[in-house]
Amino acid sequence: MKEPSPEEEDHMRPDTDKEQLMAVLHEEAQDEAASKTSEVQPAVMEQEAETRNGPQQDKVEAPKQEEKEITFQNTEGGSIFPNEDINPEQELRAHLECLQTDDSTQPPQTTCPVQKKVAIPSLEESVTLAEPSIQETTSPVWEQTQIPSIEESITPAEFTAEVTECWDEYIAPAADEMHCGESSNLIFTSLLSDTRLKLSGEHAMQTGWHFPAGPGLAEEVQCLLGQFPAVSYYPPIELTVPFEVMWRVWVEVDESASAALIPLPFTKPWMDFTVMSYNILAQDLLEANQELYIHCPLEVLDWSYRCSLLLEEIRKWAPDILCLQEVQENHYHEQLFPFLSQMGYTCVYKRRTGTKTDGCATCYRSSCFSEISVTTLEFFRPETELLDRHNVGIVVLLQPVVTRGSEVKAKGPPLCVANTHLLFNPRRGDVKLAQLAIMLAEIDSVVKSCKAKGEHCNLILCGDFNTVPHMPLYQLITTGELYFQGLPAWMISGQEDMSHRVYGHRLFAPLWPSCLGITDNCQYTTAKETFESQSQKPGKYQYSHDFLLQLRFCPATCVRPLDLELIPGVTDNTPDASRENQPYDKSFRPTISHQLDLESVYTHILPGSGNPEVTTLHSEVGATVDYIFYTPRRYHLTADQKACGDFESKGLKLIASLSLLSEDVVWSMRGLPNHIFPSDHLSLLAKFQLDLNAA
């Protein structure tokens, strides 16, 4: 609205303004009463009747072409509707009382108990009461209603002190448009195009709304400001934490480095297949170690609930080869085996020795692989004190095939799939090394059998190895060699830091006795040596004749005892100096090695964040202990093969792996198990590619 100039303020008087205002309102009220019958449509009259008898209106009727209407309302706490029977003179007196209230220094507690619809001149006259800036010269009456001071400026559109409702269609006035600095009124402004609501500058300073209510509007009701939205008729939308499902996606392997090594054209057929390794947490072990799962809701620890999630996860990823650990025997026969058989899997199960009820299971799709051989391993050896733990393993030799109907179209090189679960005890790294040596010796035996037939054998080694990445046991698998002399036993797996223990157990050669039949190269000894070691009668010391002969030239035996009786031809022999430095048997060197080329599918660090991956988590620890190792693809090329494009590739090509999660992300899901993952381990899944040969 236009601020009055100083000259206009000098000529304005409050009494004169009120008299002129009464005259204007009286004239407008008479015009409205005369034109009400002809202008109001039946639908409008019906709506007004509903308004008087029902709840407050939710919408303001849009003005027509010839006439604009302004609805004067009470404070925003309620709504006062027009009364058709009120005398115009009574209305004028009520409006004057409102003006007197606004002139006072105290904020208004009650407002005028009526509201009136005032007719506005037609479009041709271009006159508005609330927007004099459109054409101020065409409305002399508007200029006559200006009052002396800015603080007391009242427009005809402000006869009531407050507006009863907050409507959606309004705009907050800019700083230069704000007026009535001490007033907290809301103004209904009638524009030519639409009806908008304007907020005054002090709206946010109010503590509550006061409005009349009850019979005859004789009572006063107060509502706190917080019960009404500040800028909208509708209540504000509460901010909620977005629900995010923590799931896992395929991560493809970058082939830019290896692509440069592949000669073109590459025309050989290939076969893609997926491998899953999963420790599914035996229910008996869960119930025996409940202190590890106190953070979990009780329902996620129930086997029926976990089993349904487990089967759904296997169905979702549908791996071609499935290696499971901690498979409880009764659950395998009652639920897992029927389900997997129905999906087309052939399964091999090996229960742990001793009193434990769980074991390992290796399953493969019979439509993709044919079985060549199966070997089950028991790591418990009663004749060896070191191997007194009841862990097991499975080694399966498969033949990849591509069939069309009943006809075999192509075959791939043999694939050796090994599955195991090593000892958990973090302090017994020596036992873990011995168990791993048995597993590697059996794999080496399978590889040699394939080589004897002129075939290259690809390897996949899966399982729960109970060792963290880059520790000695992990290094033995990935690098093929480990020097263990003097290493603390706990350091082999690195599951726990026990460096504070001064007198910890350390490893020295020989790590295991020769009767085990395994060398330090993780290979079986020859058949003759194995037969001799097994044919010996068990005694107190169990030293073989070969072992005693190895001690003939050690420094201690080269010194003649002083009390040794000289017997010609018997005790007078002098050791041969040329054989004095002959080394001991290789199986007892302080180094363990193997000839298998193995590499981990996972890098153990999440890309982007750099946080370590975890494959298991419970109340005590979160770490990576599960792995999928494989023989990576190697290209063996000669000059002639490079020229003709015919070459031989050995090994498996890693295409993608299923992403793992970091420890903080898993804890944000309340740890493991939870409502998404049914075990305290995450499943590992990798996709490989191997070359095929035409059948």
Side-chain angles (χ1 to χ4, degrees), residues 285 288-289 291-292 352-356 377-393 420-441 463-522 538 540-544 547 550-551 554 556 584-594 616 618 620-621 623-627:
L285 297 179
N289 301 275
E291 68 278 1
L292 300 179
R352 294 169 64 184
T353 55
T355 59
K356 302 297 183 180
L377 300 174
E378 297 178 357
F379 299 150
F380 175 73
R381 304 296 173 91
E383 71 278 3
T384 305
E385 182 180 358
L386 180 66
L387 295 170
D388 59 347
R389 303 306 171 96
H390 299 276
N391 299 87
V392 296
T420 188
H421 187 185
L422 300 184
L423 176 69
F424 167 76
N425 192 337
R427 298 180 296 274
R428 295 306 304 271
D430 52 344
V431 178
K432 297 182 183 183
L433 286 177
Q435 292 179 347
L436 179 62
I438 297 174
M439 196 74 183
L440 296 177
D464 181 352
F465 293 85
N466 278 313
T467 183
V468 299
H470 312 299
M471 295 308 289
L473 191 142
Y474 178 91
Q475 293 290 346
L476 173 61
I477 298 175
T478 56
T479 65
E481 189 173 13
L482 170 65
Y483 181 83
F484 63 86
Q485 189 77 0
L487 286 179
W490 64 266
M491 190 180 292
I492 298 300
S493 63
Q495 294 167 274
E496 295 182 13
D497 184 3
M498 302 181 184
S499 57
H500 59 281
R501 297 190 176 184
V502 180
Y503 301 103
H505 175 56
R506 293 181 179 269
L507 306 185
F508 297 97
L511 192 57
W512 55 77
S514 59
C515 62
L516 186 60
I518 298 176
T519 67
D520 68 334
N521 290 326
C522 297
K540 184 177 180 180
Y541 297 104
Q542 299 185 10
Y543 292 122
S544 66
F547 175 72
Q550 295 167 10
L551 302 178
C554 68
Y584 299 137
D585 184 52
K586 293 182 179 180
S587 61
F588 295 102
R589 292 183 306 170
T591 302
I592 304 177
S593 61
H594 66 82
T616 182
H618 47 72
E620 292 185 356
V621 68
T624 294
V625 297
D626 305 274
Y627 303 92

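It should be emphasised that the depicted structure is a prediction, and the values quoted were computed from it without experimental measurement.
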Q: Has T467 got a side-chain atom pairing as donor or acceptor with S493's backbone, closer than 3.5 angstrom?
A: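 Yes.
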Q: Taking A509's backbone N and O only, do any of them form a donor-acceptor pair with Q485's side chain (distance below 3.5 Å, no angle check)?
A: yes
Q: Go through the steps to decide whether L377 and T420 satisfy the test side chain to side chain contact (heavy atoms under 4.5 Å, CB included), and finish with yes or no.
A: CA-CA 9 Å; L377 300 174; T420 188; over 6 Å; no
Q: Name the orientation class of the two ring planes belonging to F380 and H390 (parallel below 30°, tilted from 30 to 60°, perpendicular beyond 60°).
A: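 Aromatic pair F380/H390 classed parallel.
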Q: Please examine the side chains of P590 and F508, heavy atoms only from C-beta on, and report whether any two atoms are closer than 4.5 Å.
A: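 In short, these two side chains do not touch, never coming nearer than 4.5 Å.
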Q: Check the surroundings of atom CD in E385: do more than 12 heavy atoms from other residues, nucleotides or ligands lie under 6.0 Å from it?
A: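 No, because the 6.0 Å sphere around CD of E385 holds 12 heavy atoms or fewer from other groups.
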Q: Using every non-hydrogen atom in the two residues, find where L507 and A489 come nearest and quote the distance to one decimal.
A: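 Nearest heavy atoms, L507 then A489: CD2-CB, 4.2 Å.
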Q: Could you grab the distance from atom CZ of F379 to atom CD of Q435, nearest 0.5 Å is fine?
A: 6.0 Å
Q: From R589 CZ over to D520 CG, what is the distance, rounded to the nearest 0.5 angstrom?
A: 4.5 Å
Q: Given 3.5 Å as the limit, does a donor-acceptor pair link the side chain of Y474 with the main chain of F465, or not?
A: no
Q: Got a sec, which residues hit salt bridge (charged side-chain N to carboxylate O under 4.0 Å, His left out) with E496, two or more places apart in sequence or on another chain?
A: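 For E496, no residue satisfies salt bridge (charged side-chain N to carboxylate O under 4.0 Å, His left out) once neighbours in sequence are set aside.
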Q: Could you tell me the separation between the CD1 atom of I492 and the CG atom of N466, rounded to the nearest 0.5 Å?
A: 14.0 Å
Q: Where do N521 and T519 land on the side-chain hydrogen bond (donor to acceptor under 3.5 Å, both in side chains) test, with the steps shown first?
A: CA-CA 5 Å; N521 290 326; T519 67; 4.5 Å; no
Q: Do R506 side-chain atoms and G486 backbone N/O form a donor-acceptor pair below 3.5 Å?
A: yes
Q: Could you report the tightest heavy-atom contact between V468 and A623, atom names first, then the distance?
A: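 Answer, listing the atom of V468 first, then A623: CG1-CB, 4.2 Å.
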Q: Find the distance between CH2 (W512) and CD1 (I592) and round it off to the nearest 0.5 Å.
A: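 That separation rounds to 4.0 Å.
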Q: To the nearest 0.5 Å, what is the distance between CG on L292 and CD on E620?
A: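 If we round to the nearest 0.5 Å, L292:CG and E620:CD are 5.0 Å apart.
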Q: How long is the straight-line distance from OG1 of T591 back to CG of L476, given to the nearest 0.5 Å?
A: 10.5 Å
Q: Kindly say whether L386 contributes a backbone atom to a donor-acceptor pair with the side chain of R389 at under 3.5 angstrom?
A: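 No; zero donor-acceptor contacts below 3.5 Å.
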Q: Heavy atoms only: give me the nearest P426-Q495 pair and the separation to one decimal.
A: CA-OE1, 3.5 Å
Q: What's the verdict on side-chain hydrogen bond (donor to acceptor under 3.5 Å, both in side chains) for N391 and H421, showing C-alpha distance, side-chain angles and the deciding distance?
A: CA-CA 7 Å; N391 299 87; H421 187 185; 5.3 Å; no
Q: Are D430 and K432 close enough for a salt bridge, meaning some N to O gap below 4.0 Å?
A: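 K432 and D430: not salt-bridged.
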